[in-house]
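Everything on this sheet refers to the single structure shown next.
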2 protein chains.
Amino acid sequence: MTRFANGDLLAFEAGAAVRSASHAIERMRAHGSEGRGISAGALDVLIRLSTTDRGISIGDLARAGGVSSRNVTGLVDTLERDGLVRRVPDPEDRRSVLVEITPAGQAWIEAFRKPSQLAMRAMFQGFTPEDLLTFRDLCLRLATNQHRLADHLRQIGSQP
Amino acid sequence: MTRFANGDLLAFEAGAAVRSASHAIERMRAHGSEGRGISAGALDVLIRLSTTDRGISIGDLARAGGVSSRNVTGLVDTLERDGLVRRVPDPEDRRSVLVEITPAGQAWIEAFRKPSQLAMRAMFQGFTPEDLLTFRDLCLRLATNQHRLADHLRQIGSQP
DNA sequence: CGTAAGTATGTACGTCCTTCATAGTAAGCA
DNA sequence: TGCTTACTATGAAGGACGTACATACTTACG
């Protein structure tokens, strides 16, 4: 290994580590939903939709996931083709399209949950509940930090 | 949020959280190496090569990264096209190709390190050194867990 | 020697994600 | 009211990562 200043080394290593960890999770997830053919990005959208009864607009889904709205449009396309999701016009804004989960989508999530939880439990084997809790919180803090940074960068980028 | 059994909920949420976190890191990394045009997968290979003076074979790189060897071939292609990496024949096995980092590659890594560390420091703002340490360790444990699981799955998959 | 296994790579493909361009709609202001 | 500006979703095009399968070459083992 190359040499670093103390704290920066740790941050650098942690960055690399979280990348491996995410790859690991992704791989297990793929294994869990194997055959039922839903891919990572689409799954994110579906899970987000499953947490509410109201529809969510494409733009809001994009902002929530931190990706472009064009991307979400595509993911919703595939989910809709599979019948897991449905587009309905927004009664309050005719530009907007609300996406809601269908009963088939709910069923898919239910079927996905059990094996996914088992896989996750296997992945987090050896973690104490406290480990799990702090780990989750640190991850979320990382995500919010990034959101804040992205906003900041966007601001200083748009007014040089 | 939907309802879960206690521990499984946490594992499920932690899985989602690490995905966001990794996306966050990835985005900052992209921002850091902007213009210098190296992408995530290639960067992983380059970093791995920068940690040793000897060449590493395509297959070993693939196993270390947990990806297919075909994929590594492609990544090495682009790195070689940019002059950051070089293929040399393995003197001990004429099937194998060793990949080594060039001086230009070393220089790239050096140039990348500083802004990357700054970005990481910004990302991990608010983390105590202990947070950072446990976070990194938990991530690595996750990765090793996945490796073990993958091996296990491969074994039971190949002898049904 | 001959067969089996390992190596890198060609071909083909799927998914994620992006940017730019476009048509429809909303909102603010003369 | 009409005009301009901004926002919405989407079409088109493309880059990058990753996979599986087939192939040619080399090694190792019987």
Side-chain angles (χ1 to χ4, degrees), chain A residues 19-20 22-24 26-27 29-31 33-46 55-63 65-82 85-99 150 154 157-158, chain B residues 19-20 22-24 26-27 29-31 33-46 55-63 65-82 85-99 150 154 157-158:
Chain A
R19 189 172 143 84
S20 319
S22 150
H23 273 199
E26 206 85 13
R27 216 155 292 154
R29 240 193 197 181
H31 200 93
S33 71
E34 197 166 15
R36 264 157 309 168
I38 276 201
S39 48
L43 184 55
D44 259 17
V45 170
L46 195 59
I56 307 181
S57 78
I58 300 271
D60 285 345
L61 284 170
R63 275 180 288 274
V67 297
S68 70
S69 77
R70 184 60 188 88
N71 185 23
V72 174
T73 296
L75 296 175
V76 169
D77 281 349
T78 73
L79 285 172
E80 196 172 26
R81 202 179 313 129
D82 292 349
V85 136
R86 173 179 41 208
R87 278 180 169 91
V88 296
D90 184 339
E92 299 178 0
D93 186 340
R94 294 200 340 229
R95 296 170 299 182
S96 180
V97 173
L98 296 183
V99 186
R154 186 143 21 85
S158 61
Chain B
R19 190 173 141 84
S20 317
S22 149
H23 273 197
E26 206 84 11
R27 214 155 293 154
R29 238 195 199 181
H31 200 94
S33 71
E34 197 167 17
R36 264 156 308 167
I38 276 202
S39 46
L43 183 55
D44 260 17
V45 170
L46 195 58
I56 307 181
S57 79
I58 301 270
D60 285 345
L61 283 170
R63 275 180 289 273
V67 298
S68 69
S69 77
R70 184 60 187 88
N71 185 22
V72 174
T73 295
L75 296 175
V76 170
D77 281 349
T78 72
L79 285 172
E80 196 172 28
R81 202 177 311 130
D82 291 350
V85 136
R86 172 179 42 208
R87 278 179 168 91
V88 296
D90 184 338
E92 298 178 359
D93 186 340
R94 296 203 336 234
R95 297 169 298 181
S96 180
V97 174
L98 297 182
V99 186
R154 186 144 22 85
S158 61

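Per chain, numbering begins at 1; letters A, B, ... match sequence-line order. Only a predicted model underlies this, so the values are computations on that prediction, with no experimental measurement involved.
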Test salt bridge (Lys or Arg N to Asp or Glu O under 4.0 Å) applied to A/Arg70 - qualifying residues, sequence neighbours left out:
none
Restricting to salt bridge (Lys or Arg N to Asp or Glu O under 4.0 Å), what partner residues turn up for A/Asp90, sequence neighbours left out?
none
Tell me, please, which residues at least two apart from B/Arg87 pass side-chain contact (heavy atoms from CB on, under 4.5 Å).
B/Ile58, B/Thr73, B/Val76, B/Asp77, B/Glu80, B/Val97
State, to 0.1 Å, how close A/Ser57 and A/Ser96 come at their nearest heavy-atom pair, and which atoms those are.
CB-OG, 3.5 Å
B/Asn71: what forms a side chain to side chain donor-acceptor pair (under 3.5 Å) with it, not counting sequence neighbours?
none
Protein N or O to nucleotides 26-30 of chain D N or O, pairs below 3.5 Å:
residue : atom : partner : partner atom : Å
D/dT27  : OP1  : B/Arg94 : N            : 3.0

Residue pair A/Leu75 / A/Leu46, side-chain heavy-atom distance below 4.5 Å:
no
Mind checking A/Ser96 for me? I need base, sugar-phosphate or nothing, with any heavy atom below 4.0 Å counting as a touch.
sugar-phosphate
Residues forming a salt bridge (Lys or Arg N to Asp or Glu O under 4.0 Å) with B/Arg63, sequence neighbours excluded
B/Asp60
Upstream residue (5' side of DNA chain C) when A/Ser69 and B/Ser57 are each assigned their closest nucleotide:
B/Ser57
On DNA chain D, compare the nucleotides closest to A/Val72 and B/Ser68; which residue's is nearer the 5' end?
A/Val72
Result for side-chain contact (heavy atoms from CB on, under 4.5 Å) between B/Val99 and one of B/Val45, B/Ile56, B/Val85 points to B/Val85
Along DNA chain C, 5' to 3', what are the outermost nucleotides having an atom less than 4.0 Å from a heavy atom of chain A?
C/dT15 to C/dA26
Quick one: which protein N/O atoms are closer than 3.5 Å to N/O atoms of nucleotides 13-17 of chain D? Pair and distance per line, please.
residue : atom : partner : partner atom : Å
D/dA16  : O3'  : B/Ser39 : OG           : 2.8
D/dC17  : OP1  : B/Ser39 : OG           : 2.3
D/dC17  : OP1  : B/Gly41 : N            : 3.4

Which residues pass the side chain to side chain donor-acceptor pair (under 3.5 Å) test with A/Arg95, sequence neighbours left out?
A/Asp93
CG of B/Leu61 versus P of D/dG18: gap in Å, rounded?
13 Å
Check: A/Leu79 and A/Ile38 side chains under 4.5 Å, non-hydrogen atoms
yes
